[in-house]
Amino acid sequence: MTLRAQPKASHFIDGEFVEDEAGSVIESIYPATGEVIARLHAATPAIVEKAIASAKRAQPEWAAMSPTARGRILKRAADLIRERNRELSELETLDTGKPIQETIIADPTSGADSFEFFGGIAAAGLNGSYIPLGGDFAYTKRVPLGVCVGIGAWNYPQQIACWKGAPALAAGNAMVFKPSENTPLGALAIAEILHEAGLPKGLYNVIQGDRETGPLLVNHPDVAKVSLTGSVPTGRKVAAAAAGSLKHVTMELGGKSPLIVFEDADIDSAVGGAMLGNFYSTGQVCSNGTRVFVQRKIKAEFLKRLKARTEAIAIGDPMDEATQLGPMVSWAQRDKVLSYIAKGKAEGATLVTGGGIPNNVSGEGYYVQPTVFADVTDEMTIAREEIFGPVMCVLDFDDEAEVIARGNATEFGLSAGVFTSDLTRGHRVVDQLEAGTLWINTYNLCPVEIPFGGSKQSGFGRENSLAALEHYSELKTVYVGMGPVQAPY
Ligand code: NAD
């Protein structure tokens, strides 16, 4: 058997690839064929210690550099990522099964954007302030936290590795990153590129592992911050563990976001937005608008166009540039999605299209048809729980106040969207929706310039934008006395 994506070793620590075969085996499987493409080992406690010790050792000197000098290295990494976009995109496709049509425009490139943005703003974004106090004065400094841990999900392995690494490094921290056990490959390539760009060794370490490994990082006394991208149940565990030693945390968790289509919307744009917000990355996107509320008057037309466009989606070999929808990341995720589809049928939703396994693909791949349910009601399981697959639920509504209340009736609060040609209504509605990231007349666009993150059970903290720098640093305030001390004794 060929291991066609085998990295040089499982971990990248202190500027080099490191192996420890004592760790349990992690098989990297290409989701389109079920083929084992790499075999790695989970980090042993010794590997975890080595990674954290190397980060701890390297961080002070990095923090002492000027932000411009740090930024220069990050921008060089951005250039290298762009130069190698094709090979990194192919690796991302092998890691995740996402079609090359997507990875080539969305994955390494968004990672490069992140290094370019944070490399560029490091110098200006970390300034403090001067506070006059009438003779005396104070000033603030933004200082790094120290060793930060990033823990990734499997849907955007390279992007997540960059979205956490870039602001952490720009702010003067070191990072130890653990990718998902389902997608161990991409972060190693990012680590290698960062060091080629001139990053001093020890500042960006990657170790492999699963839910057993994560706690070794989260509980470690030398770690100052944990940033997790994952599910709500994992978020609760990680936040609770981090609270034990009062670590800083950023939680990028799941969602069940509402996407509201009013009757005055441009229907083709709304259908396009709903499809992007449910089928991109085979539906494995945390911010997806999986509850599509459509105003009753346009329901029939919306569903007609949605069905035609969904049935025209090209499903197949992810390495074929014509393919628009690839497999799920794993057999387990495929089974989970199929079980939700079965629940949708059993609970009385109307299956508009899809609902099974496509017949034009290898039976060994983890494929699911893009699926649309209509007549979904708020109580149905498929309207309440995060499916994380290509399953769109269309719900009917009549008026604005009703749809806002129903849109908010969820424990999640990651994202929300509104399609309408009435701009006043658009702003009024998003103002009342409980979510961290919202869109009007588009969906799921997350450029590095804008903050991204959730509210309610979808998490806290923000990635991207200047806000992310704040989450990877803290304020130090210095009061300067300019006269004699007035003591009452
Ligand atoms: P998951 O929660 O199963 O795993 C996420 C990561 O946490 C993995 O690396 C896993 O090994 C690690 N982990 C698991 N248990 C841990 C523990 N006790 N301590 C430390 N680490 C632990 O999530 P997943 O299945 O990989 O990803 C899908 C989920 O991620 C979905 O819920 C999705 O919505 C969410 N997600 C959120 C965002 C966002 O930015 N908000 C982005 C992508 C995915």
Side-chain angles (χ1 to χ4, degrees), residues 24 26 40 42-43 48 95-96 98 106-107 110 114 149-164 176-184 186-187 206-220 223 226-244 247 249-257 277-278 280-290 328-330 332-334 336-337 340 385-389 410-415 435-437 444 446 450-464 468 471:
S24 57
I26 294 177
L40 301 93
V48 171
D95 221 358
T96 61
K98 296 197 293 181
D107 291 89
S110 66
S114 181
V149 159
I151 300 179
W154 38 255
N155 56 345
Y156 282 83
Q158 290 182 30
Q159 183 186 82
I160 294 171
C162 296
W163 279 17
K164 297 193 189 306
V176 178
F177 185 81
K178 188 198 83 60
S180 163
E181 57 274 33
N182 286 316
T183 52
V206 174
I207 64 158
Q208 306 297 339
D210 55 16
R211 62 193 58 229
E212 308 292 318
T213 321
L216 300 179
L217 293 168
V218 178
N219 292 322
H220 199 286
V223 170
V226 180
S227 175
L228 168 78
T229 298
S231 61
V232 173
T234 303
R236 289 199 185 104
K237 282 186 212 145
V238 171
K247 290 181 169 64
V249 283
T250 291
M251 291 285 148
E252 294 290 355
L253 309 177
K256 191 74 195 178
S257 301
N278 278 273
Y280 209 69
S281 297
T282 322
Q284 302 163 117
V285 181
C286 51
S287 51
N288 271 354
T290 45
M328 310 301 309
V329 75
S330 65
Q333 190 62 18
R334 169 190 171 277
K336 184 177 158 198
V337 173
Y340 274 113
E385 296 180 12
E386 184 183 46
I387 300 173
F388 224 56
T410 166
E411 61 171 346
F412 299 107
L414 188 54
S415 307
T437 311
N444 256 359
C446 298
I450 69 170
F452 178 77
S455 62
K456 295 160 79 176
Q457 296 293 297
S458 293
F460 36 80
R462 292 292 176 266
E463 298 203 296
N464 292 341
H471 291 288

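Counting starts at 1 for both ligands and their atoms, in listed order. Quick caveat, the model's predicted, so the values are computed rather than measured.
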Exercise for the section: Decide whether an N or O pair under 3.5 Å exists between I151 and ligand 1. Expected result: no
Problem - Sub-3.5 Å N/O-N/O distance, E386 and ligand 1 - result: yes
Handout entry: Option with minimal heavy-atom separation from atom 3 (O) of ligand 1, where the choices are N219, T234, V285
Key = T234
Problem - Distance-only side-chain donor-acceptor flag, K164 / S227, under 3.5 Å - result: yes
Handout entry: Nitrogen or oxygen atoms of E463 and ligand 1 under 3.5 Å apart
Key = no
Problem - salt bridge (Lys or Arg N to Asp or Glu O under 4.0 Å) involving E181 - partner list, sequence neighbours excluded - result: K178
Practice task
For ligand 1, note which part of L414 has a heavy atom under 4.0 Å away: side chain, backbone, both or neither.
Solution key: side chain
Practice task
Kindly compute the distance separating OG1 (T183) from CD1 (I160), expressed to the nearest 0.5 Å.
Solution key: 7.5 Å
Practice task
Please identify each residue that fulfils salt bridge (Lys or Arg N to Asp or Glu O under 4.0 Å) with R236, with sequence neighbours left out.
Solution key: E411
Practice task
Report the part of N182 (side chain from C-beta onward, or backbone N, CA, C, O) that has a heavy atom under 4.0 Å from ligand 1; answer both or neither where that applies.
Solution key: neither
Practice task
Please indicate whether any nitrogen or oxygen in S458 is less than 3.5 Å from any nitrogen or oxygen in ligand 1.
Solution key: no
Exercise for the section: May I ask you to check if ligand 1 and T229 share an N or O to N or O distance below 3.5 Å? Expected result: no
Practice task
May I ask you to check if ligand 1 and K237 share an N or O to N or O distance below 3.5 Å?
Solution key: no
